[in-house]
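Below is one structure, written out as structure tokens; comments come after it.
Letters A, B, ... mirror the listed sequences (proteins, then strands); counts begin at 1.
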There are 2 protein chains.
Amino acid sequence: MAVTRATAQQSIVRDALQAHDGFRSAQDVFADLRAAGHRIGLSTVYRHLQSFAAQGIADVIHDGDGEATYRYCGESHVGEHHHHLVCRHCGRAEEVEGGPVERWAAQTARRFGYVELDHTVELFGVCGNCRSYLPS
Amino acid sequence: MAVTRATAQQSIVRDALQAHDGFRSAQDVFADLRAAGHRIGLSTVYRHLQSFAAQGIADVIHDGDGEATYRYCGESHVGEHHHHLVCRHCGRAEEVEGGPVERWAAQTARRFGYVELDHTVELFGVCGNCRSYLPS
DNA sequence: CGCTTACTGGGAATGATTCTCATGAGCGAT
DNA sequence: ATCGCTCATGAGAATCATTCCCAGTAAGCG
Ligand SMILES: [Mn+2]
Ligand SMILES: [Mn+2]
Ligand SMILES: [Zn+2]
Ligand SMILES: [Zn+2]
């Protein structure tokens with residue numbers, strides 16, 4: 001599943017991801033690359049995004065419709081376990097530590113006798129920037 | 001979006017959900033109902049499951065593939081905000097309170113200047129029952 | 001410079017969810 | 001109990017993200 005050779009396509013997919021600070025879908029990235037004049041296949045975009053995620057270089061979040069969105073992981077958090085605070089308007093995301101959550105999760109699982117624990121924790125809101133633009 | 005009239009189909013979809021203590025997909029519920037000899041359409045199953053969710057009667061979780069799964073909410077937690085500890089093997093789920101998580105989420109959002117906060121928190125593991133059946 | 005093997009990409013296939021719309025059934029009013 | 005309006009139903013088509021297939025291409029190594 002991990003695509004390892006250094007190809008031109010791998011580069012442009014990585015660059016496209018890094019160019020934004022928010023989560024973007026494979027379809028989005030594909031459309032942007034094509035619009036920018038790059039010759040690349042949709043399958044290839046999927047392959048690399050998933051490969052980045054498998055390597056921990058990128059994070060994945062499934063949006064409300066279940067569509068997978070990817071984000072290039074910030075330098076300081078590559079590989080480390082962390083979560084995100086995502087602006088549901090512009091897609092911008094902050095990487096956050098989950099200290100209290102991790103402890104609560106472990107304790108809760110123990111209480112119910114569950115093992116091999118894992119968890120998904122994502123925070124959504126409207127960022128300071130978008131707040132000014134938006135009504136209500 | 002909420003289907004309100006008391007129809008036979010609404011009943012059997014509700015019953016099918018209540019009959020299991022784990023999260024199940026619309027496709028699963030549909031297959032079961034058909035196998036049990038009920039005449040019902042797939043669209044109708046989707047309609048009712050989504051309606052239950054909109055009313056807070058059922059919970060929804062998107063599984064790893066982004067497929068939506070539904071679960072009839074336990075009596076004591078209907079309407080109240082809560083989370084789940086789900087067995088990734090048999091689908092069984094425990095309803096859990098997220099006290100520490102709620103506080104952490106609010107504090108984190110404030111720190112980054114985000115408003116209109118919301119969050120998804122789901123715990124996954126292997127339940128005590130399944131642990132005995134499973135290898136490794 | 002070859003060779004081997006992994007990568008590419010167009011198109012077809014898959015599978016969940018949504019849409020359309022003619023038919024059927026709640027239920028409030030009579 | 002009946003009528004009639006409105007909403008619910010369901011079969012099939014449509015949508016859309018993601019995966020599969022596979023012949024052609026290029027990376028990396030000697
Ligand atoms: Mn990250
Ligand atoms: Mn619940
Ligand atoms: Zn924003
Ligand atoms: Zn289990």
Euclidean distance, atom CD of residue B/Glu67 to atom C1' of D/dC16 [Å, nearest integer]: 15 Å
Distance, rounded to the nearest Å, where B/Gln50 contributes CD and C/dA16 contributes P: 15 Å
Phosphate OP1/OP2 of C/dT17 contacted by B/Ser43 side-chain N/O (<4.0 Å): no
Donor on one side chain, acceptor on other, A/Glu102 and A/His119, under 3.5 Å: yes
Distance in angstrom units between B/Ile12 CD1 and D/dG10 C1', rounded: 12 Å
OP1 or OP2 of C/dT8 under 4.0 Å from side-chain N/O of A/Gln10: no
Whole angstrom value for the distance that separates C1' of C/dG9 from CD of A/Gln27: 15 Å
Any A/Gln9 side-chain nitrogen or oxygen under 4.0 Å from OP1 or OP2 of D/dA26: no
Base of C/dG9 paired with side chain of A/Arg47 (donor-acceptor, under 3.5 Å): yes
Polar contact flag, side-chain donor to acceptor under 3.5 angstrom, B/Arg47-B/Thr44: yes
Toward the 5' end of DNA chain D, by each residue's nearest nucleotide, B/Ile40 or B/Asp65: B/Ile40
Presence of A/His62 side-chain N/O under 4.0 Å of D/dA17 phosphate oxygens OP1/OP2: no
Length of the line joining A/His48:NE2 and D/dT19:P, which is rounded to integer Å: 15 Å
Touch class at under 4.0 angstrom, heavy-atom based, for A/Leu42 against every strand present: base
SB check A/Arg24 A/Asp32 (cutoff 4.0 Å): yes
Heavy-atom side-chain contact between A/Glu95 and A/His83 under 4.5 Å: no
Pair of N/O donor and acceptor under 3.5 Å linking D/dC7 base with B/Arg5 side chain: yes
Spacing between B/Asp28 atom CG and C/dT17 atom P, to the nearest angstrom: 10 Å
Touch class at under 4.0 angstrom, heavy-atom based, for B/Ala8 against every strand present: nothing
Short side-chain N/O contact to D/dA27 OP1/OP2 from A/Thr7, under 4.0 Å: no
Sugar-phosphate, base or nothing in reach of A/Thr4, heavy atoms under 4.0 Å: sugar-phosphate
